[in-house]
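Data first, discussion second: the structure below is written as structure tokens.
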Amino acid sequence: MTDDSNDLAPLAAPRLALPWRLAALTGLLALTLVVGATELAFQLAERSRRADLLTESIDLANTLAAYLTRLAPTGEPSALAVGLGGWNRR
């Protein structure tokens, strides 16, 4: 009878070779870099959009104020109502 103790030994988990580990680490770092750069770009774009919206809102408010001041310099309510009614048609 032969001694086949090596055949019956539990199989050990295969260890990854150094090149495979380095490749996995490089892939993980690349993925992290791409996700981080994307998030940073989204945050900067959102901040820029908010600033643009604020500037446009201020410009629109100034334009409306100038329009209403030209229509009713004394602040007469009926003239302001007519002016506001005509604002949406412009």
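Sequence positions, counted from 1, serve as the residue numbers for this chain.
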Excluding sequence neighbours, so at least two apart, what forms salt bridge (Lys or Arg N to Asp or Glu O under 4.0 Å) with Arg50?
-> Glu46

Value rounded to 0.5 Å, distance of CH2 in Trp20 from CG in Leu25 | 15.0 Å

For residues 52-64, please give each side-chain donor-acceptor pair under 3.5 Å, one per line with the distance, not counting sequence neighbours.
| unit_1 | atom_1 | unit_2 | atom_2 | d |
| --- | --- | --- | --- | --- |
| Thr55 | OG1 | Ala51 | O | 3.0 |
| Ser57 | OG | Leu53 | O | 2.8 |
| Asn62 | ND2 | Ile58 | O | 3.4 |
| Thr63 | OG1 | Asp59 | O | 2.8 |

Minimum heavy-atom distance between Leu80 and Gly75, given as atom pair plus value | CD1-O, 3.8 Å

How far apart are the C-alpha atoms of Glu76 and Ser78, what are their side-chain angles, what is the distance that settles it, and do they pass the side chain to side chain donor-acceptor pair (under 3.5 Å) test?
-> CA-CA 6 Å; Glu76 183 183 338; Ser78 62; 2.8 Å; yes

With side chains defined as the heavy atoms from C-beta onward, is the minimum distance between Leu84 and Leu68 less than 4.5 Å?
-> yes

Acceptor/donor pairs from residues 35-42 side chains to any protein atom, 3.5 angstrom cut, sequence neighbours excluded:
| unit_1 | atom_1 | unit_2 | atom_2 | d |
| --- | --- | --- | --- | --- |
| Thr38 | OG1 | Val34 | O | 2.8 |

Using atom types as modelled and distance alone, determine if a side-chain donor or acceptor of Thr69 lies under 3.5 Å from a backbone N or O of Ala65.
-> yes

